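Note that the structure is predicted; figures quoted are calculated from it, not measured. Along the sequence shown, residues carry numbers from 1.
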Amino acid sequence: MRRLIAIWSAGFAILLTLASPVWAHESVGSATQQTALPASAHSAAATVDAFHAALQRGDTRLAAALLAEDALIFEEGGAERSKAEYAAHHLPADAAFSKVGHSNIVRRSGGSSGSFGWIATEGRMSGTYKGKPVDRVTTETMLLRRVGQGWKIFHIHWSSGAVS
């Protein structure tokens with residue numbers, strides 16, 4: 001618990017330091033969306049986009065590989081406290097849901113400092129899931145840790161609401 005609090009405290013301090021808004025207005029997976037982010041955020045954003053692309057393809061193995069072992073996922077008011085817990089519970093459902101909808105990024109900001117990166121995305125998802133129409137505004141925050149030459153996602157916070 002102390003380690004988690006220390007990570008959150010450090011992450012929050014860095015977020016406040018890096019929080020100058022830089023926005024993108026492209027679809028998920030678009031190469032041009034990263035040009036609006038500071039150069040320091042490009043590789044972290046590529047990891048986030050790779051995670052989403054893996055979910056959309058139903059490639060849960062690759063999606064899980066992009067997560068740190070100690071990943072903490074907040075979704076729908078619940079928490080999964082490790083990559084293993086998420087993989088055993090919501091990851092397959094998240095992949096199934098991602099396959100049937102279309103997501104657009106409305107705004108995206110991000111940055112990195114040392115071994116810490118963050119990507120914050122506002123979007124909209126629409127489609128049909130289990131025979132019912134879906135039209136949601138979405139927000140997502142991903143915190144990433146540099147591992148070697150790449151990044152691992154160690155925290156995801158997702159929320160969404162009906163379009164009003």
Candidate pair Leu91 and Leu55, rule side chain to side chain contact (heavy atoms under 4.5 Å, CB included), full reasoning: CA-CA 8 Å; Leu91 177 57; Leu55 286 179; 3.5 Å; yes

Might you point out which heavy atoms bring [X] and [Y] nearest each other, and give the distance in Å?
{"X": "Trp151", "Y": "Ser115", "value": "CZ3-O, 3.7 Å"}
{"X": "Ala63", "Y": "Ala54", "value": "N-CB, 3.7 Å"}
{"X": "Gly111", "Y": "Ala41", "value": "N-CB, 3.5 Å"}
{"X": "Pro38", "Y": "Gly110", "value": "CG-O, 3.4 Å"}
{"X": "Ala79", "Y": "Leu72", "value": "CB-CD1, 4.4 Å"}
{"X": "Thr60", "Y": "Pro92", "value": "CG2-CA, 4.3 Å"}

Heavy-atom side-chain contact between [X] and [Y] under 4.5 Å:
{"X": "Leu144", "Y": "Thr47", "result": "yes"}
{"X": "Thr121", "Y": "Arg107", "result": "no"}
{"X": "Phe74", "Y": "Thr141", "result": "no"}
{"X": "Arg108", "Y": "Leu37", "result": "yes"}
{"X": "His89", "Y": "Glu80", "result": "yes"}
{"X": "Arg81", "Y": "Tyr86", "result": "no"}
{"X": "Phe51", "Y": "Met142", "result": "yes"}

Side chain to side chain contact (heavy atoms under 4.5 Å, CB included) partner of Ser98, chosen from His52, Arg57, Gln56: Gln56

Return the [atom1] to [atom2] distance between [X] and [Y], rounded to the nearest 0.5 Å.
{"X": "Phe116", "Y": "Arg146", "atom1": "CZ", "atom2": "CZ", "answer": "12.0 Å"}
{"X": "Asp49", "Y": "His42", "atom1": "CG", "atom2": "NE2", "answer": "11.0 Å"}
{"X": "Leu67", "Y": "Ile73", "atom1": "CG", "atom2": "CD1", "answer": "5.5 Å"}

Residue His90 excluded, over 12 heavy atoms near NE2 under 6.0 Å: no

ILVMFWY cluster, Val147 and Leu66 together (side-chain gap under 4.5 Å): no

Verdict with reasoning, Arg136 to Ser160, per side chain to side chain donor-acceptor pair (under 3.5 Å): CA-CA 6 Å; Arg136 311 283 292 173; Ser160 68; 3.2 Å; yes

Test log, rule side chain to side chain donor-acceptor pair (under 3.5 Å), inputs Trp158 and Glu140: CA-CA 5 Å; Trp158 282 311; Glu140 169 186 273; 2.6 Å; yes

Under a 3.5 Å distance rule, please check whether [X] uses its side chain to pair with a backbone N or O of [Y] as donor and acceptor.
{"X": "His155", "Y": "Leu143", "answer": "no"}
{"X": "Ser82", "Y": "Glu85", "answer": "yes"}
{"X": "Ser112", "Y": "Ser40", "answer": "yes"}
{"X": "Lys83", "Y": "Ala65", "answer": "no"}

Worked check of salt bridge (Lys or Arg N to Asp or Glu O under 4.0 Å) between Arg124 and Asp135: CA-CA 7 Å; Arg124 185 164 180 177; Asp135 193 8; 2.7 Å; yes

Trace of the salt bridge (Lys or Arg N to Asp or Glu O under 4.0 Å) decision for Asp70 with Lys152: CA-CA 10 Å; Asp70 62 343; Lys152 293 283 186 172; over 6 Å; no

Lys/Arg N to Asp/Glu carboxylate O, Asp94 vs Lys99, below 4.0 Å: no

